[in-house]
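First comes the structure, then the notes that go with it.
Letters A, B, ... mirror the listed sequences (proteins, then strands); counts begin at 1. The figures that follow rest on heavy atoms only: side chains count, while hydrogens, waters and symmetry mates do not.
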Amino acid sequence: MKCNLKFTPTPQLVVRKIIGTIILILLITLTPSTHPIWFGLEGILLLGLLWWRRVPPRCVLRRLLILSPFVAGTALAAQYSATGVDWKILALRSTLCLLTIIAFAETTAVSDLLRGLRLIRVPTLLVTTLALMHRYLFVLADESSRMNRARAARTFTTGRRLAWLQAASVAGQLFVRATERAERVYDAMCARGWKT
Amino acid sequence: MHIPDGFLDAKTALTTATLSAIAVSFALRHVRRELPPRRVPLLGLSAAFLFAAQMVNFPIAGGTSGHLLGGTLIAVLLGPSAAVVVVTTVLIVQCFLFADGGVLALGANIFNMGLVATLGGYAVYRCVNLMWPGPRGRTVALTVAGWSSTIFAAFSCAGQLAWSQTLVWEIAWPVMTSTHALIGLGEGIISALILIAITRTRPDLVATSSLGVTPVRWREFSFLCLLISLGLACFVAPFASSAPDGLETVAIQGGFAHRALAPLRSVLAADYQIPGLTSPALSTALAGMLGIAAVLGLALLISRLVLREASPKKMLRE
Amino acid sequence: MKPAISVQGLSFCYPDGLAALTEISFQVARGECVGLLGPNGSGKSTLLRHLNGILPERLLGENGPIQIDGTPVTSLHLAELRRQIGLLFQDPDDQLFCSTVAEDVAFGPQQLGLTAEEIHQRVQAALQQVGLGDLAPRPPHHLSTGEKRRACLAGVLACDPSILVLDEPSSGLDPRGRRELITLLRQITATKLIATHDLELVVELCPRSLILDRGRIIADGPTTTLLNDEALMLAHGLERPHVLQHAHPHRGEPR
C-alpha cells in the first residue's frame, strides 16, 4: 500500500503538518461554489505539494480510484435531490480533500504521527491503542490471509452456506488469536517494567 | 458509509465532532477506570482484528462479497465503552492512513459508526438477550443487533447529509436505510456466526461479558430502553409519517426516481404539511419524539414486569 | 556467593487444572550459561515466565519458591526484579509492540525513569551491540525474523539486566541469522538461561543443561554428558545432536 519514502521530522513539525492539513481541508470545504477558480488554485497548490514531496502519481491515482465510489454515488444522488448543490462542485471539492489527506498520509510516518498526537495531548489510552493497532494491523492481516489460503486449499465444495460458516470460523479464530496475542503483549510489556 | 470531506457543511461537522469528542472522552474515562490493566493491549489488538476481519470475504451472489463492520460484535465481546474506543481507533486509522472517510467528517463518522451503531446495536442486543437469555438467545440478539446497528448508522448518516443540505432528506433516508437494511442483514448474520465460532473455541471469552453473569441494574435497564426506543423512533417515525406515500420508496428503488422526482416532490410537500409546520423535517422530528414517548412508556412497563419476575431469582443468587 | 537464580519446590497449575510445573528445584550461579531442554509442552515457557515475575500472587512473598540474587520475589521487589532479568519471548512480534525499532528499544529504559539523554545513549548502545544501528527508525513489521529477534534482544539489553532468560532464541532463523545470534550471545557476559530445541546451540553455548519433561526436572548436568545419553534423549522427545556424533564418532554407539 505504501509507496513512498518517508522522512523523519521533529514532533513539532508533525503537529504543524496536522494543523496545516486541517486548515487546507477547511479552506477547500469553505470555498464558495460560485468561484470555481479557487478550486483550480487549491488543486494546483496540492499537486505542487505532491510533486515537491515526490509522491508517485500512480500511488495517488490508485488511492483516488479506490475511494471514488462513495464520492461518485453521493454526488450523483445529490444531482437528483435538487438542493441547489452542483454535483460537479461536490465531487471536485471532495476529491481535493482526498488529495490533501493522501498527501499527508504519504509523507508522514505513523510513528511521527503518534508522537505528534501525544504532543497535542490526545489521551494516552487512545494513542496507545492507536499505536498497538497500527503495529499489529499487518501481523493480523497476514494471519488472516494465511488462514484464508489454508481454508481455500482444503475447500472442495462450492456451497455458499458452508463458505459463510468457514469464513466465520476464520474470523472467530482470528479474534481468539488476537486475544491470546494481547495477553502475550501484556506480558512482554510487564517484563520490561511497564507500570499501569 | 464513510463520509468523505466536502459532503458536510461546517455546522454539521462541528456539531458531530463536539458530540463525538465528548462521548469518546467519557468512554475513555470509563475504560480507564473499569478495564483491568491486563486487557489494555486487547483494545489495540481488537482494533487490528476488526481491520483484519474485514479482509475475510463472505460470498454473495454473482461474485460480489460482503464483510464484517463489527462495532456491535466488539461491544458484545468487550463491553460498550471499550467498543467505542476500538471503533474510534479503527476510524482514525482508516481516515489518516487510508484516506477512507474525511478529516473534517471524522467526527461525523465516529458519531455514526462508533457511537450510534455501536451503542445502539449493543442496547438492542442487551434488550433482546434479556428477553431471551442463553446461548441461542445471544445469537438471535446479536443478529438483530447487527442489523439494527447498520440501519441506525445509515439513518444518522442520512440525517447529517440532509442537515448539510447535500441531499434532500426525503431521498437520503429511504435510499440509505433500504440499502443498509440489506447490508445490515449480512452484518447481523456474520456477527452471529463469528460469535458462535468464538464460543466454540474459547467460551470463556464470551462468557465474561455476557448478560448471564452480571445482573442488570434498574438504572442501566431504563437507560438501555431509552436508547433503543430513541433508535426505533429514528427508524420508525419517518416511515409512519410518510406511510401514505410509500410509493416514493418504491419509485426510488425502481430506478425511476429522477424522472418521477419533480412531481413527487410537490406531492410530498403537500402531504407533510401538518398545520402550523411548514418544514417536513420538523414535522418528522415531532412525530419521532411522539414515537419515542410511546415506545419508552411501553418499554418501561415491560421492564417493570420483567424485573419483578427476575428479582426473586436474584435474591436467591445473593 | 549467592546463586543468581534459585528455585525451590516450585509448582504451578493452570486455571483449568492442568499441572504445568511440579516441584521444580534448581540453581544457576552468577555468570553461568544454562540450557533448558525439553519437548513441546514440557513447561519450559511457563517456567521462564515465572522467573520474570509474571506469576500468580500466591507465589510471591518472603518464603516464595523463587529467589533472585538471594532476594525472594515479593510484590515490592517486582519492579526491581524485572529490571534485573531480561526476558526474550518466543515470538518476536509479541515483544516488539512499538511502532519503530528505536521506540521499542527505548520502552524499557523509559519505564526505568531515565532522562532523555540516558535513554538515547542506551538505545544507541544496545542497537550497536546487536548490529542494528541503521534500522532504528524502521517499523518492526518490515524486519526479517533474524533482525526482529536482534531488535528484541536490543530491547532487553537496553534495560541492562544481570540475568538473561531466552525462550527459543533460534527458532525461525536461517543458518546465518542463527550464527550471528550465537556469536552475539557469546559476547554477553550476563547469566543466561536458554530454553530451546536447538541442541547444537546448547552444545556451543551452555556447559550445563537441565532437561524438563511434563513439568518436572528430569536431569541436570554437563551438556555433553546429557546429550550423549541416547536413551535419556529419546525418552524425552530429544535426540543426540549431529555435532556430538561427528566429534566423537565411536563413543556414541547405541547402548
Please report the interatomic distance CG(C/Asp91) to CZ(A/Arg181), rounded to the nearest 0.5 Å.
5.0 Å
What part of C/Gln95 lies closer than 4.5 angstrom to a heavy atom of chain A: side chain, backbone, both or neither?
both
C/Asp94 and side-chain contact (heavy atoms from CB on, under 4.5 Å): which single residue from A/Glu180, A/Arg184, A/Met189 fits?
A/Arg184
Any pair with a residue in residues 128-173 of chain C that passes ring pair (Phe, Tyr, Trp, His ring centres under 6.0 Å), sequence neighbours left out, goes on the list, sorted by first then second residue, please.
A/Phe138-C/His141
Reported OG-to-CG distance for the pair C/Ser45 and A/Asp187, which is rounded to 0.5 angstrom
11.0 Å
For atom CZ of A/Arg151, is the number of surrounding heavy atoms from other residues, nucleotides or ligands below 6.0 Å larger than 12?
yes
Main-chain N/O of C/Pro140 paired to A/Arg135 side chain as donor or acceptor, under 3.5 Å:
no
Mind jotting down which residue pairs meet the salt bridge (charged side-chain N to carboxylate O under 4.0 Å, His left out) criterion with at least one end in residues 116-126 of chain C? Sequence neighbours excluded, please.
none
Measuring from atom SG of A/Cys190 to atom CD of C/Gln111, what distance do you get when rounded to the nearest 0.5 angstrom?
10.0 Å
How close do C/Leu96 and A/Tyr136 get, heavy atom to heavy atom, and via which atoms?
O-OH, 3.8 Å
Where C/Phe89 and A/Ala191 come nearest, the two heavy atoms and their spacing
CE1-CB, 4.0 Å
Side chains of A/Val110 and C/Pro139 in contact at under 4.5 Å (non-hydrogen atoms):
no
In terms of heavy-atom proximity below 4.5 Å to chain A, should C/Cys152 be classed as side chain, backbone, both, or neither?
neither
